[in-house]
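See structure below.
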Amino acid sequence: MAPPSSVKETVLEAVKSAMRSGDKERLAVLRSASAALKQREVDERCDLATDDSAAIDVLAKAVKQRRESAEQYRDAGQTARAEAEEREIEILSEFLPQAASDEEIDALIEEAINNSGAASIKDMGRVMGSLKEKLQGRADLGAVSARVKNRLGG
């Protein structure tokens with residue numbers, strides 16, 4: 001049997017594997033991810049088996065939601081629930097590209113600014129457009145945006 005060739009297929013294979021092994025927590029997280037991928041396909045009438053960037057976007061949003069939930073649970077003193085969210089993040093992160101380092105993000109920001117000729121905050125859209133395709137699923141684009149804004153003097 002050939003290995004899965006797309007992010008979506010990899011998630012579906014992981015669901016089957018979790019079922020076979022009886023790992024209920026992992027299975028629940030992966031089924032949730034699979035449902036989110038299917039929902040995107042239905043909503044946008046696309047096939048995520050051929051569009052890894054869209055599949056990565058779906059999974060990155062799921063990770064972001066869980067990060068926010070974990071933070072809120074910690075603030076509310078519910079550490080057990082926060083830890084459960086963090087375990088889910090670990091599972092979902094297996095299907096995302098390796099996170100970009102701060103140094104790599106800074107280098108990409110510099111490159112995007114130089115390539116676009118950005119001189120002020122008014123040029124931020126062009127810079128972010130260039131960075132989005134390079135950092136999708138590898139970095140929190142909100143944090144990258146704040147760094148670009150700071151770099152452009154905003």
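Bear in mind that the values here come from a model prediction, so they are computed numbers and not experimental data.
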Taking all atoms of both residues into account, what is the closest heavy-atom pair of [X] and [Y], and its distance?
X: A49; Y: S6; value: O-CB, 3.1 Å
X: S145; Y: M124; value: OG-CE, 2.8 Å
X: R138; Y: Q98; value: NE-O, 3.1 Å
X: L108; Y: L131; value: O-CD2, 3.4 Å
X: A55; Y: L48; value: N-CD2, 4.1 Å
X: A14; Y: F95; value: CB-CZ, 3.6 Å

Between the main-chain N or O of [Y] and the side-chain N or O of [X], is there a donor-acceptor pair closer than 3.5 Å?
X: S32; Y: A28; value: no
X: S34; Y: L30; value: no
X: N114; Y: E110; value: yes
X: R66; Y: A62; value: yes
X: S21; Y: S17; value: yes

For this session: Answer with yes or no whether the side chains of D43 and Q39 bring together a donor and an acceptor at under 3.5 Å.
Result: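 There is such a pair (donor and acceptor under 3.5 Å, judged by atom type) between the side chains of Q39 and D43.
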For this session: Please check if atom CD in E83 has more than 12 non-hydrogen atoms from other residues, nucleotides or ligands closer than 6.0 Å.
Result: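 Result for CD/E83: enclosed.
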For this session: Flag yes if more than 12 heavy atoms outside K134 fall under 6.0 Å of its NZ atom; otherwise flag no.
Result: yes
Residues [X], [Y]: salt bridge by 4.0 Å N-O rule:
X: D106; Y: R147; value: yes
X: R74; Y: E86; value: yes
X: E90; Y: R87; value: no
X: E41; Y: K8; value: yes
X: D123; Y: R126; value: yes

Exercise. Mind checking whether D57 and R40 have side chains closer than 4.5 Å, heavy atoms only?
Worked result: yes
Exercise. Does any non-hydrogen side-chain atom of D140 lie less than 4.5 Å from one of R67?
Worked result: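 Contact flag for R67/D140 side chains = no.
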